[in-house]
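Below is one structure, written out as structure tokens; comments come after it.
The sequence lines fix the lettering, A, B, ..., with proteins before strands; numbering per chain opens at 1. Note that the structure is predicted; figures quoted are calculated from it, not measured.
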There are 2 protein chains.
Amino acid sequence: MTVPTGRRERKKAATRQKIADTALRLFLDRGYDAVGIREVAAEADVAVTTLFSHFACKEALVFEQGEDFEQRLAAAVTDRAPDEPLIPALRGEIQALVRHCTADSTAPVWRMIDATPALRAYEESMRQRCARTLAAAIAADPALSRTETASRTIARFVIDAYALARESDAPEATVDEVFSMIEAAWEAAAPSRRT
Amino acid sequence: MTVPTGRRERKKAATRQKIADTALRLFLDRGYDAVGIREVAAEADVAVTTLFSHFACKEALVFEQGEDFEQRLAAAVTDRAPDEPLIPALRGEIQALVRHCTADSTAPVWRMIDATPALRAYEESMRQRCARTLAAAIAADPALSRTETASRTIARFVIDAYALARESDAPEATVDEVFSMIEAAWEAAAPSRRT
DNA sequence: TTCTAAAAAGCTAACCGTTAGTGTTACGGT
DNA sequence: ACCGTAACACTAACGGTTAGCTTTTTAGAA
């Protein structure tokens, strides 16, 4: 509850960071598949079991940064101005995420992810969790008044926009094009107004 | 090209079938995670390496039947009557697939899949391949005249409909609801007609 | 029929990610 | 100063997967 600044937690965070940094360096250097867990642990000077107490699996080492994805999308729904429409808010957030993936500093990592089936699959599973969180946030907003199914559907569509943009040559234009389709789908799911 | 009825290919198919049958029986009996590859191979009376020459991984053993998924969806696009609209044709196909998953004969398998993270993930990867094939089929039909991006988008949306229906309590109703949203998205992607 | 090339299946032995079991240290609160 | 516990380490294994190599089976030519 106090701001987490015990020596203990600082050391823990440092260990975690050192593992992630070491892993990413080795992976980018020699390829994800060519570097084994035992080697990462040795290079970071920790036991293999310690590594796995910080990260659930090998793939998770790569996604250390940018884990907040999930929170950010949900926040884009819950924290928007009371009269701000949903879809543009989500489009803005997706655009920001896409820009982050294509930024110079992170681009090599994303290129590695795209080139590695295991990492693509892991990212996909993260996206699914993300879609569920987003669906819950949408369904929870009474102002939107859509079906459970419609909420889940739109959430998946939004995640699709991100996935399609990541695969695209012109990510930002792709986001816009997909979102114009999402907008239409969202309107089509509106409750009929003559009650 | 001749109907494949050499002794060789019959024996090979038989071996494959025996492995798949044995695996499914053991999995349904005692749980997917509780049965190891070595045990499946022993029970089917083949070497482990033989098993892996027929199936790419453990998960693939479960999806032996219903692999045609991919072809069927693409066929629903390419084989439809010249003036039949795309979306209803796809909805019909998805409905058929969903019904197949809930049929009494296959329901236990799908229940096992839903209960096993590894199998859910594998199914998701199959869906992605499927979406790509479907996107190609849609993009290849000049009568539809949509963008590459629009084709890919609709393909993903259609696959989403299937995924959402599988997770739903009322699969057929879910398919209909999602498809009404897809229909709107599809129309919104139509090329503007005043050229 | 007999022979041969190749496909299919087998065996061994390992690699790699991951985990259980069991200590050992270092820290935080008392 | 002391105790409970969180963090880390060590060993040893398990389960999926593959490489390397040998043996069996089959298709088709001679």
Quiz item: For Phe52(A) and dA7(D), what is the distance between atoms CZ and P respectively, to the nearest whole Å?
Solution: 18 Å
Quiz item: For the pair made of CZ in Arg38(A) and C1' in dC16(C), what is the distance, rounded to whole Å?
Solution: 6 Å
Quiz item: Can you tell me how far C1' of dG16(D) sits from CZ of Phe55(B), to the nearest Å?
Solution: 16 Å
Self-check item: Whole-Å distance separating the CD atom of Glu9(B) from the P atom of dA8(C)
Solution: 8 Å
Quiz item: According to a strict under-4.0 Å criterion, is Thr15(B) in side-chain N/O contact with OP1 or OP2 of dA9(C)?
Solution: yes
Exercise. May I ask you to say what Val46(B) touches in the nucleic acid, namely base, sugar-phosphate or nothing, with a heavy-atom cut-off under 4.0 Å?
Key: sugar-phosphate
Quiz prompt | Close approaches to DNA chain C from residues 21-35 of chain A, in residue order (heavy atom, under 4.0 Å) | solution = Val35(A)
Quiz item: Which whole-number value in Å describes the distance from Lys58(B) NZ to dG15(D) P?
Solution: 9 Å
Quiz item: Any side-chain N or O of Thr50(A) under 4.0 Å from OP1/OP2 of dA7(D)?
Solution: no
Exercise. Would you please confirm or rule out a distance under 4.0 Å between OP1 or OP2 of dC8(D) and any side-chain N or O of His54(A)?
Key: yes
Quiz item: Is the phosphate of dA7(C), meaning OP1 or OP2, less than 4.0 Å from a side-chain N or O of Lys12(B)?
Solution: no
Quiz item: Taking only N and O in the side chain of Lys11(B), is any of them less than 4.0 Å away from OP1 or OP2 of dT25(D)?
Solution: no
Self-check item: Interatomic distance, Arg8(B) CZ vs dA27(D) C1' [rounded to whole Å]
Solution: 6 Å
Practice problem: Would you indicate what Arg7(A) reaches in the nucleic acid, counting non-hydrogen atoms under 4.0 angstrom: base, sugar-phosphate, or nothing? | Solution: sugar-phosphate
Quiz item: How close or far is atom C1' of dA9(C) from atom CZ of Arg10(B), stated in whole angstroms?
Solution: 18 Å
Exercise. To the nearest Å, give me how far apart CG (Leu51(A)) and C1' (dG17(C)) are.
Key: 11 Å
